[in-house]
There are 2 protein chains.
Amino acid sequence: MTLSSRPSLIQIAEQAGVSPATVSRAFNRPELLSEATRTRILETANRLGFRPNRVGASLRSGSTKTLGLLLPTLANPVFAACFEGAEAAARGAGYSVMLATTGYDRQREQAAARHLLEHQVEGLMLTVADPAANATLNELEADGVPFVLAYNESTTHPFVSVDNHAAAGDMLEQLVGLGHRRVAFVSGPLADSDRAARRLEGVLTRAADLRIPTPVHLSLATHTAAERTRLQSLLSMPHPPSVLFCSNDLLAAAVIAELATVGIRVPRDLAVCGFDGVAFGALMVPSLASVYQPSGEIGHAACRLLLDALAGQPGTSRQLPHRLWLGGSVTAPHDSLTEPALTPDTTTTHPTTAPLPAPEPALIRRFTPC
Amino acid sequence: MTLSSRPSLIQIAEQAGVSPATVSRAFNRPELLSEATRTRILETANRLGFRPNRVGASLRSGSTKTLGLLLPTLANPVFAACFEGAEAAARGAGYSVMLATTGYDRQREQAAARHLLEHQVEGLMLTVADPAANATLNELEADGVPFVLAYNESTTHPFVSVDNHAAAGDMLEQLVGLGHRRVAFVSGPLADSDRAARRLEGVLTRAADLRIPTPVHLSLATHTAAERTRLQSLLSMPHPPSVLFCSNDLLAAAVIAELATVGIRVPRDLAVCGFDGVAFGALMVPSLASVYQPSGEIGHAACRLLLDALAGQPGTSRQLPHRLWLGGSVTAPHDSLTEPALTPDTTTTHPTTAPLPAPEPALIRRFTPC
DNA sequence: GGATGCCCTGCAAACGTTTTCATCACCGCA
DNA sequence: TGCGGTGATGAAAACGTTTGCAGGGCATCC
């Protein structure tokens with residue numbers, strides 16, 4: 001019933017009649033001790049409720065066994081999944097993860113990175129707006145802090161992502177295969193996301209390959225009232241797009257909701273697809289067509305890459321395979337019969353494109369508890 | 001270009017020609033120093049790129065300025081928002097948050113709590129299955145570790161949540177006001193979530209108050225194939241429910257998707273509502289009717305409560321106000337004309353029930369970057 | 001001019017652990 | 001009997017910081 005704080009290693013040593021060093025060894029190098037002393041120590045520790053103090057250990061050993069993870073926001077389930085993947089990988093290696101979110105704000109990004117470094121994280125995993133020009137990254141580099149990018153792609157820094165260029169191209173190809181010719185790519189400000197920029201590029205490149213009209217790019221900025229009219233004016237052009245390819249699923253959902261308010265039905269009047277493959281997209285009605293990227297694995301792989309680097313095994317950047325999920329939000333355009341459709345075998349194939357397995361049969365299960 | 005790790009406070013002291021103590025004070029108690037020495041130290045620190053080592057500081061001061069947050073999963077945006085709220089509150093007070101997820105697993109819960117405590121977090125915020133009987137909580141209590149529950153309600157432990165009982169009752173009342181009489185409450189196993197249990201209770205109590213037939217409870221467990229048929233058999237009863245009240249939004253979305261596969265349209269054939277008020281619910285078409293709970297603020301308030309307790313100002317549990325969001329997934333039942341509707345003023349009113357402000361006009365903005 | 005007090009700074013211990021080095025007992029072997 | 005080796009443990013320093021205590025300098029006041 002005492003509120004006495006837990007005993008330290010020293011008290012265990014005294015109680016067990018050994019030196020502090022021996023107690024330490026009982027936990028970290030048990031093979032060095034005799035059976036007898038080891039069990040005696042473990043028993044005393046148990047009895048007194050000993051809990052090793054990582055702060056002391058970290059200070060002395062110079063290793064906190066902790067990694068930092070810097071993400072834009074957890075409101076996007078993509079990043080939430082990334083955290084869980086990274087955390088699992090870290091835990092598997094005896095490491096902890098310290099998470100911080102930036103809200104897409106450069107100031108907070110830098111502040112958070114420094115904060116994590118003050119906590120002596122041994123390395124960092126992060127997603128930034130544009131790795132090619134990023135103050136935080138430069139600082140890390142200058143400091144010699146090991147780090148790995150997640151979701152970003154870079155020629156100069158280690159990263160884990162999907163091949164955004166190819167993935168977006170693959171989705172476009174599917175759309176074209178369904179008969180779509182007039183495509184609009186919808187995104188936020190490209191300066192805020194190199195992913196969106198690459199996806200747009202991928203769409204444009206593949207469109208040229210497939211010889212369809214150059215897709216329109218609609219970049220929605222902050223001010224929504226105005227953006228709403230821009231979206232509508234896009235759709236009231238003489239030859240409006242038959243499909244909107246949104247740079248991420250959250251945006252796609254928002255766009256679909258927006259369209260609904262002006263009476264445009266998806267996919268009947270207009271097809272819409274997204275990018276990310278978030279779980280709730282599969283629950284939408286119709287389900288959201290999307291490019292699935294394995295977020296949990298991205299986090300996991302980024303963490304592994306970082307851990308390997310810390311262990312002196314630098315490893316190499318990875319592009320994990322994406323999958324196309326052709327949900328009900330995309331169908332053939334209603335005027336598709338009036339335009340010649342490409343035959344499937346004129347389209348190029350990509351090794352990373354594979355049909356997504358049947359929709360998760362146990363979604364209910366995963367969402368049941370709370 | 002040197003990979004030299006950052007200098008310690010000692011090097012700064014040497015360079016600036018002062019004692020380590022003075023350097024420490026330059027950062028923590030600057031008012032104690034003369035203008036001259038303070039600026040000299042700060043300059044040297046800046047020049048050498050000094051970064052205070054929190055591990056050393058924590059060890060000496062006995063305070064890590066870090067709190068633990070233990071949540072079931074980030075896959076549910078409710079908890080993601082909770083983290084961001086808690087993190088903001090902590091940051092505002094100079095604290096950090098260390099997050100761990102349990103995946104609704106008791107073993108992991110306990111392990112994670114211990115892990116956080118080894119990291120010397122000064123207190124814990126957590127969401128558990130049932131606070132009335134929880135090994136982790138008992139251990140914390142026995143250890144005298146300060147903690148605050150989030151989302152859980154408890155008579156014996158401090159918590160921050162909404163009034164689940166009243167909130168669910170209020171939603172039921174709205175449904176009844178629309179003409180619904182046959183209600184089914186759908187949840188996961190109640191043992192996994194005291195929130196769901198309280199919501200069910202709230203529904204049953206209010207149903208009795210309003211003198212409508214006792215709502216049916218459908219508890220969906222793990223095995224989905226079987227659950228699917230249970231759901232369908234519920235709907236093929238002689239007098240099937242006209243509305244499904246799901247214990248959370250993710251479940252509601254999954255149920256709606258499930259219904260769609262068997263040709264049941266929402267809300268035309270059956271109304272569905274959820275609980276949580278997650279952002280993507282507002283983006284669904286039709287938008288998901290739900291009980292909105294302020295997750296960010298729950299996290300924020302829980303953190304404040306914990307911080308106050310650490311500061312010796314114990315504070316009291318809080319139930320934050322909920323809001324009803326009457327999305328398009330709920331309309332009057334198609335047979336409502338055949339049944340007498342209660343007049344609005346026969347229904348009781350609750351202070352925490354207030355109409356939700358117009359749907360977030362800038363949803364697109366929030367989801368644009370990635 | 002000496003006592004008083006305040007402002008600024010330094011000394012040194014302490015936080016809890018890890019780790020290097022040394023010690024000691026004991027065994028086997030020549 | 002002596003010697004090298006091995007296995008088990010201890011002594012003590014170190015990690016980077018904070019903080020109680022003390023002291024020196026300087027001004028103020030009687």
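The sequence lines fix the lettering, A, B, ..., with proteins before strands; numbering per chain opens at 1.
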**Request:** Determine whether any donor atom in the side chain of A/Arg60 lies under 3.5 Å from an acceptor atom in the base of C/dT18, or the reverse, and answer yes or no.
**Result:** yes
**Message:** With hydrogens left out and only the distance checked, is there a donor-acceptor pair under 3.5 Å joining A/Arg25's side chain and the base of D/dG10?
**Reply:** yes
So what does [X] hit on the nucleic acid, given a heavy-atom distance under 4.0 Å: a base, only sugar-phosphate, or nothing?
{"X": "B/Arg54", "result": "nothing"}
{"X": "A/Val18", "result": "sugar-phosphate"}
{"X": "B/Ser24", "result": "base"}
{"X": "A/Phe27", "result": "nothing"}
{"X": "B/Ala21", "result": "base"}
{"X": "A/Thr37", "result": "sugar-phosphate"}

**Message:** When you measure from the side-chain N and O atoms of A/Ser61 to the phosphate of C/dT17, is any distance below 4.0 Å, counting only OP1 and OP2?
**Reply:** no
How long is the line joining [atom1] of [X] and [atom2] of [N], in whole Å?
{"X": "A/Glu31", "N": "D/dG7", "atom1": "CD", "atom2": "P", "answer": "12 Å"}
{"X": "B/Leu9", "N": "C/dC15", "atom1": "CG", "atom2": "P", "answer": "19 Å"}
{"X": "B/Arg38", "N": "C/dT9", "atom1": "CZ", "atom2": "C1'", "answer": "14 Å"}
{"X": "A/Leu59", "N": "C/dG16", "atom1": "CG", "atom2": "P", "answer": "12 Å"}

**Asked** Mapping B/Gly17 and A/Val23 to their closest nucleotides on DNA chain C, which lands nearer the 5' end?
**Response** B/Gly17
Between [options], spot the one nearest the side chain of [X], thanks.
{"X": "B/Ser19", "options": "D/dT17, C/dG10, D/dA13", "answer": "C/dG10"}
{"X": "A/Ile10", "options": "C/dT18, D/dC15, C/dT17", "answer": "C/dT17"}
{"X": "A/Asn53", "options": "C/dT18, C/dG16, C/dA14", "answer": "C/dG16"}
{"X": "B/Phe50", "options": "C/dT17, D/dT17, D/dG20", "answer": "D/dT17"}
{"X": "B/Ser34", "options": "C/dC15, C/dT9, D/dT18", "answer": "C/dT9"}

**Asked** Do you see a donor-acceptor pair shorter than 3.5 Å between the side chains of B/Thr136 and B/Glu109?
**Response** yes
**Side-chain donor-acceptor pair present, A/Thr66, A/His119, cut-off under 3.5 Å** = no
**Item:** Evaluation steps, salt bridge (Lys or Arg N to Asp or Glu O under 4.0 Å), between B/Glu35 and B/Arg38
**Value:** CA-CA 5 Å; B/Glu35 170 79 16; B/Arg38 188 182 351 128; 3.6 Å; yes
**Asked** Centres of the A/Phe27 and A/Phe50 rings: under 6.0 Å?
**Response** yes
**Message:** Using the rule side-chain contact (heavy atoms from CB on, under 4.5 Å), only one of B/Thr156, B/Leu149, B/Asn152 pairs with B/Leu137; which is it?
**Reply:** B/Leu149
